[in-house]
Amino acid sequence: MLSRQRNDPTFASIWDELQWRGLVHVSTDQDALAAALRAGPVTAYCGFDPTAPSLHLGHLTQLLVLRRLQLAGHRPLGLVGGSTGLIGDPRPTAERTLNSPETVASWVALLREQVERFLDFEGEAAARMVNNLDWTAPLSAIDFLRDIGKHYRVGTMLKKDAVAARLNSEAGISYTEFSYQILQGYDFLELYRQHGCTLQTGGSDQWGNLTSGIDLIRRVEGVAVHAIGTPLVTDSEGRKFSKSEGTAVWLDPGQTSPYAFYQFWLNSADADVVSRLKVFTFLSRAEIEELERATVERPGAREAQRRLALEVTATVHGDEAAEAARDASVALFGGGDLAALDEATLGSALAELPSTEGAPEDPVAGLLVATGLTSSLGESRRAIAQGGVYVNNERVPDQEARLGPLLHGRYAVLRRGKRTLAAVVAP
RNA sequence: GGCGGGUUACCCAAGCGGCCAAAGGGAUCUGACUGUAAAUCAGCUGGCUCUGCCUUCGGGGGUUCGAAUCCCUCACCCGCCA
């Protein structure tokens, strides 16, 4: 995948391209930053905290920004938050529950592998991976307070969005989380010292943490460094899709299958699809503008959504998985008669879906639970009663219904609602 | 450390001895319309061996025929004072 990615050569600079793609929501002084990027290779970093065993879509934006910078000749540093993950970035709503050091360490390892897949570790602009535990763990509490804490003004720290929100809420905030911004600021300082890093990227909700490092480096080293805050990935309603909103789309294929991942993008609203193409694909401006026209002229054809789904799935899961997800989608949503599909096509399509073993006499309600389409028998019955369950595209008539005849003697396709599918396979 | 307030389902939030599996709103999910879209309208949303039973209102213990509701205790959060 990496070898096929490229920036659009029609842009005068990477800065122009990032701007066009809508990836710069906030930044430090634009002229200075653009000039720095023009002047030669810049070392840029982005941090990923282990709050779960996988990265999700919010992180993908950052990974691709680093990759775009790398393609323009700059050097990316992928940071995993071995120490910051032990502390927890304050959320605006409530205090986090601390995870055990063992858990954090295991998640760090998983995240590191995921980040590594998006960057090139060879050549002039080779990427590097770092872990902030390496420089934070040896630091004593006294060193921390004297050497770093002295540069921070509490008044400034209190003004950071997340901190201010928490202070104004009933939840309050612990000293632990309050200190987070100092740790992240110190990361930037260390990376500046160790690797000459002068640019940090992050989501715009991280702006307070980004400026924390910028201010620290100015005070300690007298140097002006930069930051880019990318827009948060939302749908056209402004809803954030990240794990905190409960609709997580994970990069780990074990948690979100390539098929489910493909389907997520395919279901993008017209109003969102162009901005998503810009942020999440390496398609050129000309290609994206063509897809934008297609969306306006033939919205029902959903050409942009199809291309988006294929491109992003390929970027994350590889060409083969992306094509399999596309082929399965075409077969299963092809417009009707599943029985008309030949066995090989059906079998490979169903292989993309969550599945369970079952026989014709098994009750549908139980199979729904077994495939994960519902989480309890009660929910299954409710779904059936609402007319929201289908077997092989036939609506299931009553709650006691059994599976019935299998396609090719082996398969059945369970559907919940319009588009959530699962497979039943004879043992 | 003292005093006061608080901890309810995915989130916000009402309830303050029985009519409470717990109002209302948000969100999810389903149906209709569609393009596997959006908007709109309607409905569902603890579990089960389902005319009943079980678990749930921060944890534990108690009072009572009966507790989310009263008492004790522990934990955590907020505010004021120190």
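Keep in mind that what you see is a predicted model, and the values were worked out from it rather than measured. The chains referred to below are lettered A, B, ... by the order of the sequence lines, with proteins before strands, and numbering in each begins at 1.
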- Rounding to a whole Å, what distance do you find between A:Arg416:CZ and B:C29:C1'? 5 Å
- Nearest-Å distance, CZ (A:Phe178) to C1' (B:C77)? 18 Å
Answer yes or no: does a side-chain N or O of [X] lie under 4.0 Å from OP1 or OP2 of [N]?
X: A:Arg381; N: B:U49; result: yes
X: A:Lys418; N: B:A32; result: no
X: A:Tyr390; N: B:U36; result: no
X: A:Arg382; N: B:G47; result: yes

So what does [X] hit on the nucleic acid, given a heavy-atom distance under 4.0 Å: a base, only sugar-phosphate, or nothing?
X: A:Gly388; answer: sugar-phosphate
X: A:Glu95; answer: nothing
X: A:Arg298; answer: nothing

- Indicate whether the side chain of A:Gln206 and that of A:Asp89 have a donor and an acceptor atom separated by less than 3.5 Å.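 Per modelled atom types, A:Gln206 and A:Asp89 side chains form a pair under 3.5 Å.
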- Which nucleotide in the list B:C48, B:G35, B:A37 gets nearest to the side chain of A:Gln305?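 Nearest listed nucleotide: B:G35.
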- Of the nucleotides B:G31, B:A37, B:U36, which has the atom closest to the A:Arg395 side chain? B:G31
- Query: Expressed as a whole number of Å, how far does the C1' atom of B:C81 sit from that of B:U73?
  - Reply: 26 Å
- Message: Does this structure show an ion pair linking A:Arg4 with A:Asp319, if we count only N-O contacts that are shorter than 4.0 Å?
- Response: yes
- Flag the pair A:Trp135 / A:Tyr186 as yes when at least one side-chain heavy-atom distance between them is below 4.5 Å, and no otherwise. yes
- Tell whether A:Gln386 reaches the base of B:G31 with its side chain through a donor-acceptor pair below 3.5 angstrom. no
- Note on the structure: The single option from A:Leu64, A:Leu277, A:Leu57, A:Thr281 that satisfies side chain to side chain contact (heavy atoms under 4.5 Å, CB included) with A:Val312 is A:Thr281
